[in-house]
Amino acid sequence: MNVMTDEWLDVGEISDIPRRGARCIRIGETSVAVFRTADDQIHALEDKCPHRNGPLSQGIVHDGCVTCPLHNWVISLKTGQAQGADEGSTEVYPVRLDGTRVLLGFRGK
Amino acid sequence: MKRLVVIGAGMASGRMLEHLFEADPDAFQVTLFNAEPRGNYNRIMLSPVLSGEKSYEEIVTHDDDWYAGNNVTCRFGERVTGIDRERRVVCGEHGEVAYDKLVIATGSSPFIIPVEGRDLPGVVSYRDLDDTNAMIDATGLPNARAVVIGGGLLGLEAAAGLRLRGMEVTIIHLAGHLMERQLDEAAGYLLQKDIENRGIRVITRASTKAILGKSRVEGVALEDGSVIPADLVVMAVGIRPSAQLAKDTGLEVGRAITVNASMQTSDPDIYAVGECVEFEGTLFGLVAPLYDQAKVLAKELLGEGDAFVVKELSTKLKVTGCDLFSAGDFAEGEGREDIVFRDPARGVYRRLVIERNRLVGAVMYGDTADSNWFFGLIRDGEDIAEMRETLIFGQSYQGGAPLDPTAAVAALPDDAEICGCNGVCKGTIVEAVSTKGLTTLDDVRAHTKASASCGTCTGLVEKLMVLTLGDAFEAAAVPPMCKCTDLGHDEVRRLIKTKELKTIPAVMQELEWKTSCGCAKCRPALNYYLVSDWPEEYADDYQSRFINERVHANIQKDGTYSVVPRMWGGQTTSAELRAIADVVDKFNIPSVKCTGGQRIDMLGVKKEDLPAIWADLGKAGFVSGHAYAKGLRTVKTCVGSDWCRFGTQDSTGLGVRLEKFMWGSWTPAKVKLAVSGCPRNCAEATCKDVGVVCVDSGYEIHYAGAAGLDIKGTEVLGLVKTEDEAVEYISALVQMYREQGHYLERIYKWAKRIGYDEVRRQIMEDAEARKAYFDRFVFSQKFAQVDPWSERVSGKDKHEFKPMASFPESKVEAAE
Ligand code: SRM
Ligand SMILES: Cc1cc2nc3c(=O)[nH]c(=O)nc-3n(C[C@H](O)[C@H](O)[C@H](O)COP(=O)(O)OP(=O)(O)OC[C@H]3O[C@@H](n4cnc5c(N)ncnc54)[C@H](O)[C@@H]3O)c2cc1C
Ligand code: SF4
Ligand code: FES
């Protein structure tokens, strides 16, 4: 994943994100949801459910997945893939921690 | 002979010198600086010194004879202030020394949180012998009290040591559970229980605001406003590598001194070892990898090649009686599977994390007998497919019994209450079954009254019969709450009460949850049960709530929200309407609608605007309408005797009174009320969860109606004469439902399950029971009636309402 990354944006402290919760990063029109699991793993997905664009950042985080708040699709935080019988995927963004800082990866245009 | 200068006589450099002298005692003439006024001692054994289990002399690693025997020039108590790389000299406080090779081993220093009062006498960190002695001195003060800030490894060892010396100790910890970096929530719960059993108070989710005191420390103030008195404050919140010296010298420094696999810094003649180094982005805080580094460095100095590699680490805590172990990566994730074993009676929790048939992580509490074996499996990446079924039981396990769903019930003491309605405890039931030879549930009901009323304890009674009679009794299968447990909702609710379980991790451990932290089904349910059963003590877990209840607004299909303020009993005023109109204009709210619940809904609101809108609505006197809550929603009314020519009572007034009395309460599913002024029933009271139909002789109370997914007319509960009675009976009814309902079960389903007669008996006929329900409702309202909107206007959960960061334009795009 990181191979293609040109730029790491410093988007905040890990403690800004509640455990088992998410915060949004706005980039122009796009919203990226950065998730923090119970054990401090971080993941980033476009804040858009593959079903009907529900804001994944608002869902309940469990088992490495988030349950969409609109119709309960379950999306993997790691791959962005819908789980179970549902089909679809959400864009995954590279994200990493530098100490306690959260860095989000982008490819320059 | 070549000259080797070493800065820092700690555990890493000490081990390096041992290897060096062992391999070639004559290779170097060594000068050793140490800021501490002593040589190398076993720092990790400071905790036994603190607790009094060991003396300083017993933990000295290298004494004067050792240094003399190896011809080491010791400059202890002398700090190094600079390195001149051009002249190749090290500058100590008392003079310079020239080097051919230099080793920096300055370790790390405790992090001091930058709060007011941190410099007061009596505030110490926990790093060296001087800190330890300062703590021991403080234990001599009369009625000495200590506050330890930080519930990690060091903080816990400090707390346990101080407690053993008789101090009153409180640990304050920022995260939700102790040692959160090494343990998951479940193990953290057991650890906290053990620590509390030693008489140490633990406060989690606590943030330090200031340290108080005039000439010396007197207490610690927390962000929530509370103050804990203290004569000693120990800061144990983390460490920072001591890399300043290297940085000032111009060596490459990231978060610590950057080294390659030979422990070489960016200057080929200067090496670094220990906690002050950073290798491939990794920092170090435990001795095992430092010892590996020490070995590599000794070889390197002697010109023999070797390379340092980062290995898996494991953690143990040196507090006698707290057996814990954690290793590897135990994060949850796709493609990973948990195996969880819990034995509540022995306080044991084990969790293994498996990925592609390999063990990748382990967390254990209470019984760590097999920890080394598990650690080996993780380190070596061994294929565990063959032993998967029995892996969790450890190395020596052969065959063995399946997990027993009745164990939680077996572990209950004899005086644990099983049937709440009739106050029957476990001992009574077991005795009746065995002495009277009872074999059926009906027998038990007849003889003990247990499970003879509301029936919510049926599952537990049956489990007791299985325990007493063995296979002779076949219990009806209770559908489990979810895949994480074998217990049904009723059983879980009953056990939460009898075993006094007051946190989600406590429920999961004591009731043997099969997963480590539950799922999206059981977490919200448990959160409700705990809110409902322990209104005063339980701290609501917002991350276990659905988004609407977390942000106190209803999410819409496009990700915007709707805002519905309360309009008590459906009444409003020109001032309220004007305030709503102003908010709609000010925030450009696209849609305003009258709801089916007699109030106004503002739809299409941006999440970021919510707090500002609530602030404006709050100024006009509005509070949240809880249109999103599993809780009290609306109370519809008709105009009643105030205006209507048929009205028999003040239905509007009663509706307003009920809503003002009952708002804020959380319930298993939503609760909607209505009050109609006469049997023409314009408020549609006879299809509500609870409805009142006013008649000349008083108030007819109805309940268990439905008009959503199902259509069902209400059942009649009974007639009462006064408004006061109406409020009491209705609150008691709702409280009964709050205590017995399954999460997401509306009143009409609950009542059908319990039986209308039983509900009527307890609320209408049993005055004592009714009074008790009513009192419990009133008690719980003390904590529930806080307007969530105004709380958030004053800053609560502010992270929910704004993006963490915003970047103006799309200069960047996703890199996959
Ligand atoms: C706004 C409103 C419709 C309207 O424009 O009038 C409404 C809107 C929603 N209703 Fe309703 N219900 C509204 C009155 C009703 C009524 C009528 C009433 O209360 O008198 C009913 C039938 C009575 C009942 O509750 O049984 C009703 C039965 C439902 C149901 C079916 C519940 C059931 O157990 O059968 C759901 C689904 C659910 O809760 O799972 C539901 C769910 C919803 C949700 C929350 C759907 C959702 O999960 O997003 C809608 C939220 C929209 C929003 O964001 O505001 N709504 N809903 C009404 C708000 C009333 C209020 O002031 O709070
Ligand atoms: C109470 C306690 C309990 C612990 N328990 C465990 C445990 O159970 N398991 C485990 O693996 N680890 C444990 N640790 C951590 C372990 O002690 C450290 O990882 C280890 O001591 C680090 O070794 P080091 O040589 O890098 O640094 P240190 O041992 O800290 O040595 C560094 C030395 O350098 C000196 N120094 C610093 N700057 C200068 C300067 N400019 N000039 C001269 N001298 C300087 C310091 O005074 C210090 O003596 C514990 C630590 C503490 C404090
Ligand atoms: S009936 Fe209720 S849930 Fe269905 S669309 Fe209308 S508001 Fe939404
Ligand atoms: S939009 Fe996410 S489940 Fe429908």
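Letters A, B, ... are given to chains in the order of the sequence lines, protein chains preceding strands, and every chain is numbered from 1.
Under a cut-off of 6.0 angstrom, the local environment of CZ in B:Arg356 is sparse, with at most 12 non-hydrogen atoms contributed by other residues, nucleotides or ligands. At most 12 non-hydrogen atoms from other residues, nucleotides or ligands lie less than 6.0 angstrom from CZ of B:Arg181. The number of heavy-atom neighbours closer than 6.0 Å to CD of B:Glu355, taken from other residues, nucleotides and ligands shown, is above 12. A 6.0 Å sphere centred on NZ of B:Lys606 holds no more than 12 heavy atoms belonging to other residues, nucleotides or ligands. Other residues, nucleotides and ligands contribute only 12 or fewer heavy atoms inside 6.0 Å of the CD atom of B:Glu280. Annotation for B:Lys796: atom NZ counts as buried by contact number, over 12 foreign heavy atoms lying within 6.0 Å.
For B:Lys802, the parts sitting under 4.5 Å from any heavy atom of chain A are the backbone and the side chain alike. Neither the backbone nor the side chain of B:Glu337 comes within less than 4.5 Å of any heavy atom in chain A. Proximity to chain B (any heavy atom under 4.5 Å) is restricted, for A:Leu70, to the side chain, taken from C-beta onward. Only the side chain of A:Gln83 comes within less than 4.5 Å of a heavy atom of chain B; its backbone N, CA, C and O stay farther away. For B:Arg336, no part lies near chain A; criterion is any non-hydrogen pair under 4.5 Å.
Of the possible donor and acceptor atoms, one in the side chain of A:Arg23 sits under 3.5 Å from a partner among the backbone N and O of B:His799.
Ranked by heavy-atom pairs under 4.5 Å with chain B, the list A:Asp10, A:Ile25, A:Val32 is led by A:Ile25.
Taking CG of B:Asn548 as the start and CD of A:Gln58 as the end, the distance is 9.5 Å to the nearest 0.5 Å. Here the CD atom belonging to B:Gln543 is positioned 10.0 Å from the CZ atom belonging to A:Arg36, to the nearest 0.5 angstrom. For the atom pair OG1 (A:Thr67) and CZ (B:Phe546), the distance works out to 10.0 Å, reported to the nearest 0.5 Å. Residue B:Met804 holds its CE atom at 12.0 Å from OG of A:Ser57, rounded to the nearest 0.5 Å. With rounding to the nearest 0.5 Å, the separation of SG in B:Cys517 from CG in A:Asp63 is 8.0 Å.
Of all residues in residues 11-22 of chain A, those placing a non-hydrogen atom less than 4.5 angstrom from a non-hydrogen atom of chain B are A:Val11, A:Gly12, A:Glu13, A:Asp16, A:Ile17, A:Pro18, A:Arg19, A:Arg20, A:Gly21. Using a 4.5 Å heavy-atom cut-off against chain B, the contacting residues of residues 38-49 of chain A are A:Asp39, A:Gln41.
Counting heavy atoms from C-beta on, the side chains of B:Ile547 and A:Pro55 never come closer than 4.5 Å.
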